[in-house]
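The structure appears right after this line, and notes come after that.
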Amino acid sequence: TYTVTVTAANGCTKSATVTVVATSTVCAPGVNVSGSVFNETVSYNGLSATETPIAGNIVSLYDSNGFIIAQTQTTAAGTYQFTNVPNGTYTVGFATPNGLAPTIANAVGNASVSDTGDSDMNPNGQTNSFVVASADVTNVDAGFVATGSISGIVFGDTNGDGQDTDVDPTVYPNVTVSLLDANGTTIATTTTDINGAYTFDDVLPGDYTVVVDVTDTDLPPTATLSPQNIGNDATNSDIDATGNAPVTVPIGTNVSDIDAGIVPPATYTLAGTVFVDDAGNGLQDNADAGLKGVTVFLFNANNLNDPV
């Protein structure tokens with residue numbers, strides 16, 4: 001109950017008593033958005049069962065305009081909760097920890113953000129949008145998995161034994177190497193460095209194919225490929241006759257020594273003598289002296305204009 005007093009310009013006052021009556025004696029409870037964040041250390045399948053919770057992950061709540069309206073951190077159990085969320089359309093975003101990447105999204109088979117047991121986070125680190133309509137939204141979960149790498153070297157297999165050893169000092173820089181996923185789609189391309197080495201980082205667990213471009217112009221034009229998988233796996237050549245090498249990357253594993261051996265073309269020594277043919281018989285007789293300081297050129301039989 002309140003008293004309201006009104007004062008006119010001439011100083012006259014008038015008071016009245018006002019009573020405010022609440023329509024309900026109990027405030028409606030706030031609506032909550034909650035879920036959990038997990039690290040797939042057991043199996044890479046997008047499912048949260050038996051996996052490790054991630055504590056301290058920063059979780060953001062976005063409104064329909066893409067603005068962050070609330071942030072929180074996961075507990076030691078990997079859980080989080082936003083309270084008193086008004087009705088509306090929202091998205092939840094998760095910070096990606098170092099060395100991890102978003103796991104498979106919606107593994108249970110639908111895109112609902114409130115289904116149980118899987119990760120609802122897309123590769124961009126955010127969920128699909130969802131509607132809050134006077135009821136709690138739970139199980140908005142996010143899963144991460146440790147990434148690995150694939151690396152190797154393109155080496156000159158001088159003796160053709162399929163092994164990269166001390167007798168094979170040659171390496172090939174600037175050679176194109178591609179990484180294909182299990183569907184045969186190229187997902188990354190790089191070139192070898194000055195040491196003939198290449199690396200693909202941030203590789204999710206799975207099956208891949210490394211493809212060395214055996215037609216690359218930085219390789220000898222008449223070179224052949226080393227025999228595949230002969231001897232020590234750390235030093236042998238892993239590519240087949242088409243330049244392909246299958247690779248499986250377990251969770252958080254750096255797979256190295258996916259190498260490619262290139263057998264350079266055989267080389268030979270050409271030697272001879274330039275001499276004065278005193279007798280004019282086309283033969284170097286004992287009396288025919290050699291000529292010093294004469295420039296000798298070597299030409300390819302298919303190109304007599306430019307020396308090799």
Side-chain angles (χ1 to χ4, degrees), residues 34-62 66 68 71-80 90-130 139-152 177-191 197-211 245-258:
S34 61
S36 63
V37 181
F38 60 92
N39 181 9
E40 287 200 304
T41 58
V42 178
S43 58
Y44 176 53
N45 56 14
L47 303 177
S48 60
T50 73
E51 300 295 358
T52 305
I54 297 178
N57 185 262
I58 298 175
V59 186
S60 303
L61 184 65
Y62 295 82
I68 295 176
Q71 280 190 322
T72 187
Q73 287 189 334
T74 54
T75 66
T79 60
Y80 73 91
Y90 299 92
T91 301
V92 176
F94 305 87
T96 300
N98 291 334
L100 303 183
T103 188
I104 301 169
N106 304 312
V108 299
N110 65 74
S112 170
V113 297
S114 58
D115 51 4
T116 303
D118 69 354
S119 176
D120 304 295
M121 175 183 58
N122 296 312
N124 66 355
Q126 297 185 13
T127 66
N128 294 330
S129 61
F130 58 91
N139 300 311
V140 185
D141 303 328
F144 293 93
V145 66
T147 58
S149 67
I150 299 173
S151 61
V177 184
S178 301
L179 184 64
L180 279 57
D181 64 14
N183 297 317
T185 301
T186 300
I187 59 174
T189 300
T190 187
T191 56
Y198 72 90
T199 300
F200 295 107
D201 291 315
D202 301 322
V203 179
L204 287 167
D207 295 324
Y208 298 90
T209 301
V210 170
V211 180
V247 186
T248 297
V249 179
I251 294 175
T253 302
N254 297 321
V255 180
S256 59
D257 300 317
I258 307 301

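Numbers for residues simply follow the sequence, beginning at 1.
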Is any side-chain heavy atom of Asp118 closer than 4.5 Å to a side-chain heavy atom of Asn106?
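The answer is yes, as the side chains (C-beta and beyond) meet within the 4.5 Å cut-off.
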Could you tell me if the side chain of Val255 sits less than 4.5 Å from the side chain of Tyr208, heavy atoms only?
no
Distance, nearest 0.5 Å, that separates [atom1] of [X] from [atom2] of [Y]:
| X | Y | atom1 | atom2 | value |
| --- | --- | --- | --- | --- |
| Ile58 | Gln71 | CD1 | CD | 6.5 Å |
| Asn39 | Ser48 | CG | OG | 12.5 Å |
| Thr248 | Asp207 | OG1 | CG | 4.0 Å |
| Ile68 | Tyr62 | CD1 | OH | 4.0 Å |
| Thr96 | Asn57 | OG1 | CG | 8.0 Å |
| Ile150 | Ser256 | CD1 | OG | 11.0 Å |

Could you pull out all residues at least two apart from [X] that satisfy side-chain hydrogen bond (donor to acceptor under 3.5 Å, both in side chains)?
| X | value |
| --- | --- |
| Thr74 | none |
| Asp201 | none |
| Ser149 | Asn254 |

Do you know which two heavy atoms are closest between [X] and [Y], and how far apart they sit?
| X | Y | result |
| --- | --- | --- |
| Phe38 | Leu47 | CE1-O, 3.7 Å |
| Pro102 | Leu204 | O-CD2, 4.2 Å |
| Met121 | Gly143 | CE-O, 3.2 Å |
| Pro97 | Ile54 | CG-CD1, 4.4 Å |
| Phe200 | Ser178 | CZ-C, 3.8 Å |

Quick one: does [X]'s side chain have a donor or acceptor within less than 3.5 Å of a partner on [Y]'s backbone?
| X | Y | value |
| --- | --- | --- |
| Asp257 | Ser151 | no |
| Glu40 | Gly46 | yes |
| Gln126 | Thr91 | no |
| Thr127 | Val92 | yes |
| Asp181 | Asn183 | yes |
| Thr253 | Ile251 | yes |
| Asp141 | Gly35 | no |

Test log, rule side chain to side chain contact (heavy atoms under 4.5 Å, CB included), inputs Val203 and Val249
CA-CA 8 Å; Val203 179; Val249 179; 4.1 Å; yes
Tell me whether the rings of Phe94 and Tyr80 are parallel (<30°), tilted (30 to 60°) or perpendicular (>60°).
perpendicular
Just one of Val210, Thr186, Val211, Thr190 clears the side chain to side chain contact (heavy atoms under 4.5 Å, CB included) bar with Leu179, so which one?
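Result: among Val210, Thr186, Val211, Thr190, Val210 is the only option passing the side chain to side chain contact (heavy atoms under 4.5 Å, CB included) with Leu179.
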Give a yes-or-no answer on whether the side chains of Asn128 and Asn122 include a donor-acceptor pair shorter than 3.5 Å.
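Their side chains do contain a donor-acceptor pair, which is all the 3.5 Å distance test asks for.
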Distance-only polar pair, side chains of Thr41 and Thr52, donor-acceptor under 3.5 Å
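Thr41 vs Thr52: donor-acceptor pair found between side chains.
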